[in-house]
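Below is one structure; the comments refer to it alone.
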Amino acid sequence: PLNCQICEASSRCLFSGLPLEQQRILRRERIFRHFKRGQIIFYQGDVLTHVFCVQAGALKVYKTDAYSREIVIRLLGAGDIVGYRPFLASEPAAATAATLEAATLCMIPKAAFLSLAEQSNELRGALLRQLARDLRDSEDQWFRLSNESLENRVSAVLSRLSEQAPQGRRTQSDVRITVPRTEIARAVGITPSTLSRVLRRLADGGTLTLESRALV
């Protein structure tokens, strides 16, 4: 099989299985943009012009309730894609996307994305699998919020962030998580003070190590 050469996150990229000619089209059409931590990628209600693939860094996708509280729907890392569903549904973005830390995104214009999806059986199949994974992740998250203990909910978010951490933060046995704890608290659906207590219990149990700017 051909290796995707679009970006360094090819092992998880939606486009990694495309034939060489379609990869060339993507390389010609795509642009890269760097985002600072906490920067908005798009807002709920925006009419999107690009699909966004995460090359490096971490993102959150969230909605805001009537009390302006964030409800995190998904956490994204290298190789993940966001912004494709509004194109397929012909509707505005249903949620807001923002960076959890500095990130580099590969941006593919709408016209190029839809043209490739129309031409490529491989991409259509990959999109169906991606939709199914996104639905499963949302179902799992709502189940955890309703049924699981705080420790399990925090551990699930930390596990997700660990999976998405770049190689530069990995050793043979540990992964450093540098996402701000306030963002981790929002992803779990608890206050920062409650998160601190849960992290201390996990640290006391040997599950993780607390540092001033990171979790290990």
Side-chain angles (χ1 to χ4, degrees), residues 1-64 70-138 141 160-161 163-164 166 187:
L2 296 170
N3 292 323
C4 176
Q5 301 175 11
I6 298 170
C7 76
E8 298 173 0
S10 59
S11 63
R12 295 182 58 195
C13 180
L14 183 73
F15 304 100
S16 61
L18 289 180
L20 183 58
E21 180 56 35
Q22 293 175 341
Q23 289 190 28
R24 290 195 183 106
I25 293 172
L26 282 177
R27 287 197 293 274
R28 184 173 65 244
E29 295 288 342
R30 62 96 176 99
I31 59 174
F32 288 101
R33 183 177 171 188
H34 301 285
F35 291 82
K36 299 178 181 179
R37 188 176 77 183
Q39 191 169 351
I40 298 294
I41 309 302
F42 56 80
Y43 287 97
Q44 181 176 339
D46 281 354
V47 176
L48 301 187
T49 58
H50 291 78
V51 167
F52 302 87
C53 298
V54 185
Q55 183 187 33
L59 274 61
K60 63 179 177 179
V61 180
Y62 67 92
K63 291 177 176 286
T64 304
E70 290 183 12
I71 302 173
V72 177
I73 300 170
R74 292 170 58 203
L75 299 175
L76 307 177
D80 287 330
I81 183 172
V82 67
Y84 70 97
R85 197 198 62 79
F87 290 169
L88 300 180
S90 299
E91 64 184 26
T96 299
T99 57
L100 289 170
E101 58 187 7
T104 302
L105 304 185
C106 173
M107 300 169 55
I108 302 168
K110 176 180 180 180
F113 174 79
L114 292 179
S115 176
L116 286 171
E118 182 176 343
Q119 299 170 27
S120 171
N121 290 329
E122 292 89 349
L123 183 54
R124 288 197 295 273
L127 284 169
L128 286 174
R129 291 189 292 274
Q130 184 68 47
L131 282 167
R133 285 192 295 269
D134 290 347
L135 177 59
R136 181 202 61 202
D137 289 346
S138 295
Q141 181 161 340
R160 177 68 170 159
L161 292 172
E163 293 171 1
Q164 298 165 338

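Just so you know, these numbers come straight off a predicted model, no measurement behind them.
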Separation between CG (L100) and CG (L59), nearest 0.5 Å, reads 7.0 Å

To the nearest 0.5 Å, atom CZ of F113 lies from atom CD1 of I81 at 5.0 Å

| task | Answer yes or no: is there a side-chain heavy-atom contact under 4.5 Å between T64 and T96? | result | no

With sequence neighbours left out, the residues meeting ring pair (Phe, Tyr, Trp, His ring centres under 6.0 Å) with F42 are F52

**Item:** side-chain contact (heavy atoms from CB on, under 4.5 Å) assessment of V82 paired with I41
**Value:** CA-CA 10 Å; V82 67; I41 309 302; 5.6 Å; no

Side-chain donor-acceptor pairs of residues 84-92 under 3.5 Å, sequence neighbours excluded:
| from | atom 1 | to | atom 2 | distance (Å) |
| --- | --- | --- | --- | --- |
| Y84 | OH | D134 | OD2 | 2.5 |
| R85 | NH1 | E91 | OE2 | 2.9 |
| R85 | NH2 | E91 | OE2 | 2.7 |

For A111, the side-chain contact (heavy atoms from CB on, under 4.5 Å) test, sequence neighbours excluded, returns none

What one should report as the nearest heavy-atom pair of A58 and A103 is N-CB, 4.4 Å

Taken in chain and number order and not counting sequence neighbours, the residues that satisfy salt bridge (Lys or Arg N to Asp or Glu O under 4.0 Å) with R24 are E21

So the salt bridge (charged side-chain N to carboxylate O under 4.0 Å, His left out) pairs with at least one residue in residues 41-62 (sequence neighbours excluded) are K60-E70, K60-E183

Side chain to side chain donor-acceptor pair (under 3.5 Å) filter on R33, not counting sequence neighbours, yields none

Between the CG atom in D137 and the CZ atom in R74, the distance rounded to the nearest 0.5 Å is 7.0 Å

Residues R30 and R27: closest non-hydrogen pair is NH1-O, 3.5 Å

Heavy-atom closest pair (I40 atom, A98 atom, distance to 0.1 Å) is CD1-CB, 3.7 Å

Residues at least two apart in sequence or cross-chain that pass side-chain contact (heavy atoms from CB on, under 4.5 Å) with R28, listed by chain then number, are I25

Taken to the nearest 0.5 Å, the spacing of L131 CG from R136 CZ works out to 12.5 Å

Heavy-atom nearest pair, G83 first then V51, reads O-CG2, 4.1 Å

Contacts of R37 meeting side chain to side chain donor-acceptor pair (under 3.5 Å) (sequence neighbours excluded), chain-then-number -> none

Rounded to the nearest 0.5 angstrom, the CD-SG distance for E29 and C106 is 11.0 Å

Side chain to side chain donor-acceptor pair (under 3.5 Å) pairs touching residues 103-127, sequence neighbours excluded, are Q22-S120, H34-T104, S115-Q119, S120-E122, N121-R124

Taking every heavy atom of V54 against every heavy atom of G77, the minimum-distance pair comes out as CB-O, 3.3 Å

In this structure, CZ of F35 is separated from OG1 of T99 (nearest 0.5 Å) by 8.0 Å

